[in-house]
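Residue numbering restarts at 1 for every chain, and letters A, B, ... go by the order of the sequence lines.
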Protein chains: 6
Amino acid sequence: MKYERSSIPDHDEAAGPAERLRSELTHFDAAGRARMVDVSAKAPTVREAIATATVAMLQPTWQMIREGRHVKGDVLAVAQVAGIMAAKRTADLIPMCHPIPVEAIELAFMPSCDPPAIHLTATVRTTSRTGVEMEALTAVTVAALTIYDMCKAVDREMTISRVCLLRKTGGKSGHWERAGSVDEA
Amino acid sequence: MKYERSSIPDHDEAAGPAERLRSELTHFDAAGRARMVDVSAKAPTVREAIATATVAMLQPTWQMIREGRHVKGDVLAVAQVAGIMAAKRTADLIPMCHPIPVEAIELAFMPSCDPPAIHLTATVRTTSRTGVEMEALTAVTVAALTIYDMCKAVDREMTISRVCLLRKTGGKSGHWERAGSVDEA
Amino acid sequence: MKYERSSIPDHDEAAGPAERLRSELTHFDAAGRARMVDVSAKAPTVREAIATATVAMLQPTWQMIREGRHVKGDVLAVAQVAGIMAAKRTADLIPMCHPIPVEAIELAFMPSCDPPAIHLTATVRTTSRTGVEMEALTAVTVAALTIYDMCKAVDREMTISRVCLLRKTGGKSGHWERAGSVDEA
Amino acid sequence: MKYERSSIPDHDEAAGPAERLRSELTHFDAAGRARMVDVSAKAPTVREAIATATVAMLQPTWQMIREGRHVKGDVLAVAQVAGIMAAKRTADLIPMCHPIPVEAIELAFMPSCDPPAIHLTATVRTTSRTGVEMEALTAVTVAALTIYDMCKAVDREMTISRVCLLRKTGGKSGHWERAGSVDEA
Amino acid sequence: MKYERSSIPDHDEAAGPAERLRSELTHFDAAGRARMVDVSAKAPTVREAIATATVAMLQPTWQMIREGRHVKGDVLAVAQVAGIMAAKRTADLIPMCHPIPVEAIELAFMPSCDPPAIHLTATVRTTSRTGVEMEALTAVTVAALTIYDMCKAVDREMTISRVCLLRKTGGKSGHWERAGSVDEA
Amino acid sequence: MKYERSSIPDHDEAAGPAERLRSELTHFDAAGRARMVDVSAKAPTVREAIATATVAMLQPTWQMIREGRHVKGDVLAVAQVAGIMAAKRTADLIPMCHPIPVEAIELAFMPSCDPPAIHLTATVRTTSRTGVEMEALTAVTVAALTIYDMCKAVDREMTISRVCLLRKTGGKSGHWERAGSVDEA
């Protein structure tokens, strides 16, 4: 028996109309099977992505988190470590994500009181062949889940929403910024 | 030098007024430091949790995912594997979460067309000393991020929202069901 | 909006003829989506599984491994650690596998000289609601890959074969032993 | 006490006859201890590796997998995600493997009916100081184990064989292609 | 070919004098190969372990950490999360360690000023067939490494010492407490 | 709602006196929150780090390890694999550590008999934007913990000490070598 030796297809092959759909979903090969897209032909450039998320909660929960910061326990300090560590493991979690040598991660928390919520923003930077959108989204998501975990004993209805990309720069597609406000999401 | 040998505190010690806040945030010890709450005195019981999330997207993206299912690539099949695998790694991601021998995970996708969105629901079951709320939430969240990852080339404004717990059963606190509709989140 | 709250289906529901196939592939739910099968109704019992694998190689490679054992480097010592560590991570690698508290892992290497090969056998034991077949198979496989890795500089044609389950005991399906010889595989 | 400060040895030091064996097993240092070979002096080049594996099974199992594809559950879709994710974790599994920023992974399944089997082929590409042979082998192996896991309830005698490297390109040793047919393994 | 089906040996087999050494190093099998000791015959009991470590540093570093606590950055909060997360991954790091469902982790920091140092104490509890000594030791060690990481820019000579077990309870060997003071280590 | 889009701050901004402390602890941002320091502006250069650790033990334990090497079980072979694998996972363990493509790891064991101890030295090399101090320290630490794990049944008082950096080269801060002897630690 001798196998046909498949190899990763060329990047610019003409796509027939029947393959338009698939070619847009670049995570799939010609057989409809998922693949990790080939980025080896791309040049490594500096890329940055900023993502956001919001955790809505009850007023007492919100106050507890804020006071906890200054008095005793610091929910957000734990959430921050969780978000940063998760960003580094993005390629372990998201199947078709490329492993990327992340070079900077920042995660900021902005409380807003009406309605009571914590807004999270993650900024991730790399010099790589592909972007860090998923790393930034993973950072805010896991940080938000950590806030939920640490406060769920007092507020099970906490809700995470508005998880989205705000901005990305670098790479072939260049600068992109979310057009509509996040509220409209 | 001889250290004071700290040990994990008893469960029902009387808390002074100054410690009320902290005692509610059980993830913190008397010094305000985070800890993994002691569950060794709890009995292992069957526990179940159901969580949900919604991914909002453009109409063409939504159609692509739906058609992809039947034609070529299956975004949701990849998202499902990602969500299930992530649920098993919850304690690796959420710092104060207990490692739990998860015994069942189901992850369902429900497309709704107006506005175009995919709703995700995860059901997780275990026989353990603590619940699986975080496992269910992690499953829907990582599955949602995977949908984002696989479609971001055509729709960067996709937004994840309404990530919340729908129901939990088992354990000392017993049955709990989200009161308000998820829309109000 | 109010979601239908899906829950994990009962175990013995009558299956129509159209669902026979799926019901046999228990890793899929009614919608054809993969799931981690519910084992919460099963009783924890002692379970054991034995798996095997063979690494075929050139005569000089084989001799090098054998001599290395006594002289300088010990390829098999590294392979053994790799196999044992991998067995503990089986649920991280195999998507629908349940996380299992493995209680014993042994990994033995048996060189056979004609043709030159190393046979690997892993024995895994647990007290759990589900078996350890995949843990035993993962142990021999990753140990075999490690042998390949450490000798590939001198023998790229090394081949891993006859990876299979030899025996399992415990659980509802009880004792099972491979009928045919492994050679026939 | 002052330690001798060991450092990683130079690359081209003359090896006495007594050290010939060890020098061929480059994964070991002068004391016979395993090490991760120094690749820092190598130039990063584009490297590709193709590996293969075969899962032999009973005729009904084979048919179930094929039909499952079109009707309900898709065993191969799960196996594919598992293989791709495992390839990214190769350095976590194989002790002396270098962590590599994998840039493309493809995993193809080719059913053959007589005897009933699924052939797997993985193609991995990177721009790195060392090759991706182990990544390609890990991809096919874990994908094959996943097929086993999902069908073991109906066919415990499934056997994985012919796990080997088909081709590698790039790096100092350049192009290499398996000489003999895989059948002879 | 038909393999001898090795199985995990019985627990109380008589050991000849030639095997005394090995039998004491229970992590090795009869062939001198490492194994994960069989604990399946042990009863699950409540077990606790307390471990300690000390990070010695320059006076300004020590002051910075202490002030950082109240002013701006909190090195110890990050170290604590790191230690707790690492304890949960002990079986992933220490090859022959059994995976254990840890039920409680506490990590305390005690600064001492002369000489300037931070003492760490971790208390881990489980209900399991084997103890949590390694989990407690891993917690203090990784927390100590995290302190080093976060302050290394200003004090590269920081040194970790006195990493040892202080006390363990539960299991067949029962209560054990370190006899000598840690200083004598 | 429209978020302020935070971005990673410039590298050389003038710091007011109130921010001196924080600026020295570069792992914290202006809000006192931990972050993964931005290294994207640094050039990738060859960097090397050497770290050490000592495991003190009873005389019989020490002898057992030494004899085990030649007779039956090889504790140090297991410890070595553990240390090398842990070094590759440093960024997974130490929260603010950058993921680094490690290019060489060596781990040496030097027994010293009076007092009975094993000294460990790890040498790690990379071509990267940041150093490998933490990788070298993680290698010796996890290898030392593994020695403890494998001998704890016969010697629970084993103590790990003198964990420190011996030397680093490469990067902006260049060559650094520990001034005092390790004994003074």
Can you tell which part of A/Ile100 gets under 4.5 Å to a heavy atom of chain D, answering side chain, backbone, both or neither?
neither
Please find the pair of heavy atoms, one from [X] and one from [Y], that lie closest to each other, and give the distance.
X	Y	value
A/Asp92	D/Arg89	OD1-CG, 3.3 Å
D/Val81	A/Met96	CG2-CE, 4.2 Å
A/Arg33	D/Asp74	NH1-OD2, 3.3 Å
D/Arg125	A/Ser40	CD-OG, 3.1 Å
A/Ala34	D/Gln80	O-NE2, 3.1 Å
D/Lys88	A/Met36	CD-SD, 3.8 Å

A/Asp38 versus D/Glu106: any side-chain heavy-atom pair under 4.5 Å?
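With C-beta onward as the side chain, the pair stays apart.
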Under 4.5 Å between any side-chain heavy atoms of D/Ile105 and A/Arg35, yes or no?
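Of all side-chain heavy-atom pairs linking A/Arg35 with D/Ile105, none is under 4.5 Å.
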So which part of D/Val46 gets closer than 4.5 Å to some heavy atom of chain A, the side chain, the backbone, both or neither?
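Contact with chain A: none, neither part.
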Separation of A/His98 NE2 from D/Glu103 CD (nearest 0.5 Å):
7.5 Å
